[in-house]
Chemist: 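Before I ask anything, let me first share the structure, which is written out below as structure tokens.
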Amino acid sequence: MRSNDSAIKFTLSKTERLCSRKIIAGLYESGFFVSKYPIRINYMFTDLPQKDVFLQGMVSVSKRKFSKAVDRNRIKRLLREIYRHRKHQLENRLIEANLPMAVAVIFTGTQKLDYWEMESIFNKVFIKLIAAVEEKIKLGSNPI
RNA sequence: AAGGCAGUCUGAUCUAUCGACUCACGGAAGUGAGUAGGAAAGUCCGGGCAACACAGGGCGUCGCACUUCCUAACUGGAAGGGAUUUUGGGCAACCAAAGUUACAGAAAGUGUCACAGAAACUAAACCGCCUCUUCGGGGGUAAGGGUGAAAAAGUGGGGUAAGAGCCCACUCAUUUUGAUGUGAAUCAAAAUUGGGAUAAACCUUGCGAGUUGAAAGACCAAAUAAACCUGGAUCAAAGGGCGGCUCGCCCAAUUAUCUUCGGAUAAGCCAGAAGGGUAGGUCGAUUGAGGUAUAUUGCGAAAUAUAUCCUAGAUAAAUGAUAGAUACCACGGCAAAAACUGUGGGCACAGAACCCGGCUUAUAGGGCUGCCUUUUUU
């Protein structure tokens, strides 16, 4: 963490979060996802409301699996922190390819995990997601 | 001193790195300040607020039910009354303390009251008791027996053929009158009034309740269809709106052309059907029946006055994540206490969603108060 890394922004401001109900509904219906229990990431390549933002994300926990709001908040906060620390890898690639994208991180488990367990699983899922994006970029850049 | 139960208060602090939301300043980069609870929960009551509805009456439905007071209001709270439970004291009446209490009406009516029992509600006659007898039985009786959760006021005496509130004394209940109290009631006197329980059974009486619920609602932006089709009225009828139902109440009805002056056609109007679009922002929304302190009034809930403070405001939904430390807790070490030190924990219940007043439920650890148990000392 020195001066040459200062370009990396770990921020997660409002423009980088998914707020549009339409896109969220589309995200659940699109069917594109990568997963490793208990984390699943739905993704969709779509135009976003802000032209200079290429990645919008959201975090979700089922109310049915965690009926207490405290538990849901805890899991969402952990997932959001992990997502916030990792997302720059994906975002840089998307900016290079000029490909906007929406992402939903969904916790499908029934047991609470701590930060480090959660992070190791998230990393595995995220590698899959980046691979999926690379494939899309390859297809998109080769007009047939 | 230890343990348990109940009530009540509290629900810790600091540092670093990376973030989120709101506000202020700034041209910008950014800087500064603030950021979850006692229950934010359950959504059980009540109110504010908003939209719609609202001539009035009847029926129905739902809720509440000792009194007075507090409150914006309440199924809330305070103070009190009655009933009742436990403990202690006392021969007893009773007294004290701590609880519990949906506590209007059973003499308006209906229903239910198993089994047992003769009889369970305009009481009854199995054994018994008394009496008459033509010896078959008839009459009187509600003391005693037996059944039952409960047998028709209870105890004692008189009385009688035997008995019975039939009469008397005391007690209990009911009613009436008087006194005290704002009142629930209490106390006293009189009366023969002595007519089971159950209303968290129907019901009756009294009081209260319009419906919906911030996804309410207002405005702006965006989008669009004033398409097409069907029906209807302008002849007061059909129709539509309102409420749980009924009676009922409310609603609009034009223009042009043609005309044989009856009407016709078209547009507009009303209703329906079908289809399409949008689904983003601002307000509502946090200054309020507000909090805190002091004084006064009141037994108290609370009220009034003055001073002071502004204390989350998100909207796919912020208030965080990670690491470390301290307070603190548990166990161990030093013969004991303190101090010191090692290891582990550093936590429960729980997350605002328009806002208030209550109620209910959950809660690790710690503080305080009360009660109970055990042990030690005096």
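Chain A is the first sequence line, chain B the second, and so forth, proteins listed ahead of strands; every chain is numbered from 1. Atom set for the values below is all heavy atoms of this structure, side chains included, hydrogens, waters and symmetry mates excluded.
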Chemist: Pairing check on B/rG332: which nucleotide meets the Watson-Crick or G-U wobble criteria with it, both distances under 3.5 Å?
Modeler: B/rU341

Chemist: Which distance, rounded to the nearest 0.5 Å, do you find between the CG of A/N42 and the CZ of A/R40?
Modeler: 4.5 Å

Chemist: Holding to ring-ring contact (aromatic ring centres under 6.0 Å, His included), I want the full list of residues that pass it with A/Y83, two or more places apart in sequence or in another chain.
Modeler: none

Chemist: Among residues two or more places apart or on two chains, list those pairs meeting salt bridge (charged side-chain N to carboxylate O under 4.0 Å, His left out) that have a residue in residues 96-110 of chain A.
Modeler: A/R93-A/E96

Chemist: For RNA chain B, which residues in residues 71-82 of chain A have a heavy atom at a distance below 4.0 Å?
Modeler: A/N73, A/R74, A/R77, A/L78, A/R80, A/E81

Chemist: Give none if B/rG262 has no partner; otherwise give the nucleotide forming a Watson-Crick or G-U wobble pair with it, both distances under 3.5 Å.
Modeler: none

Chemist: Taking any strand in view, what nucleotide pairs with B/rG63 in a Watson-Crick or G-U wobble way, both distances under 3.5 Å?
Modeler: B/rC207

Chemist: Can you tell me the Watson-Crick or wobble partner of B/rC23, both distances under 3.5 angstrom?
Modeler: B/rG32

Chemist: Quickly work out the A/H85 NE2 to B/rA321 C1' distance and round it to whole Å.
Modeler: 8 Å

Chemist: Side chain to side chain donor-acceptor pair (under 3.5 Å): which pairs involve residues 68-79 of chain A, sequence neighbours left out?
Modeler: A/D71-A/K112

Chemist: Rounded to the nearest 0.5 Å, what separates atom CG in A/L90 from atom CG in A/L129?
Modeler: 5.5 Å

Chemist: Does the side chain of A/I41 come within less than 4.5 Å of A/F33's, by heavy atoms?
Modeler: no

Chemist: So which nucleotide from B/rG351, B/rA316, B/rA321 ends up closest to the side chain of A/K68?
Modeler: B/rG351

Chemist: How many Å lie between CZ on A/F122 and P on B/rA321, as a whole number?
Modeler: 17 Å

Chemist: Taking only the side-chain nitrogens and oxygens of A/W116, find out if one of them lies under 4.0 Å from OP1 or OP2 of B/rA323.
Modeler: yes

Chemist: Report each atom pair, protein N/O against N/O of nucleotides 352-355 of chain B, whose distance is under 3.5 angstrom.
Modeler:
none

Chemist: Measuring from atom NE2 of A/H88 to atom CD of A/E91, what distance do you get when rounded to the nearest 0.5 angstrom?
Modeler: 9.5 Å

Chemist: Watson-Crick or G-U wobble partner for B/rA98, using a 3.5 Å limit on both distances?
Modeler: B/rU85

Chemist: Provide, to the nearest angstrom, the distance between the CE atom belonging to A/M58 and the P atom belonging to B/rA20.
Modeler: 19 Å

Chemist: For B/rU311, decide between syn and anti, treating a glycosidic angle within 90° of 0 as syn.
Modeler: syn

Chemist: Under a 3.5 Å cut-off for both contacts, is B/rG284 paired Watson-Crick or G-U wobble with anything, and if yes, with which nucleotide?
Modeler: none

Chemist: Does B/rG262 adopt a syn or an anti glycosidic conformation, taking syn as a chi angle within 90° of 0?
Modeler: syn

Chemist: Sort out the partner of B/rC368 for me: Watson-Crick or G-U wobble, both distances under 3.5 Å, none otherwise.
Modeler: B/rG7

Chemist: Please output the side-chain donor-acceptor pairs of residues 118-126 of chain A that fall under 3.5 Å, not counting sequence neighbours, one pair per line with the distance.
Modeler:
{"unit_1": "A/E119", "atom_1": "OE2", "unit_2": "A/R86", "atom_2": "NH2", "d": "3.2"}
{"unit_1": "A/S120", "atom_1": "OG", "unit_2": "A/E117", "atom_2": "O", "d": "2.9"}
{"unit_1": "A/N123", "atom_1": "OD1", "unit_2": "A/R86", "atom_2": "NE", "d": "2.7"}

Chemist: Going by purine N1 to pyrimidine N3 plus the second Watson-Crick contact, or the G-U wobble pair, all under 3.5 Å, which nucleotide sits opposite B/rA305?
Modeler: B/rU294

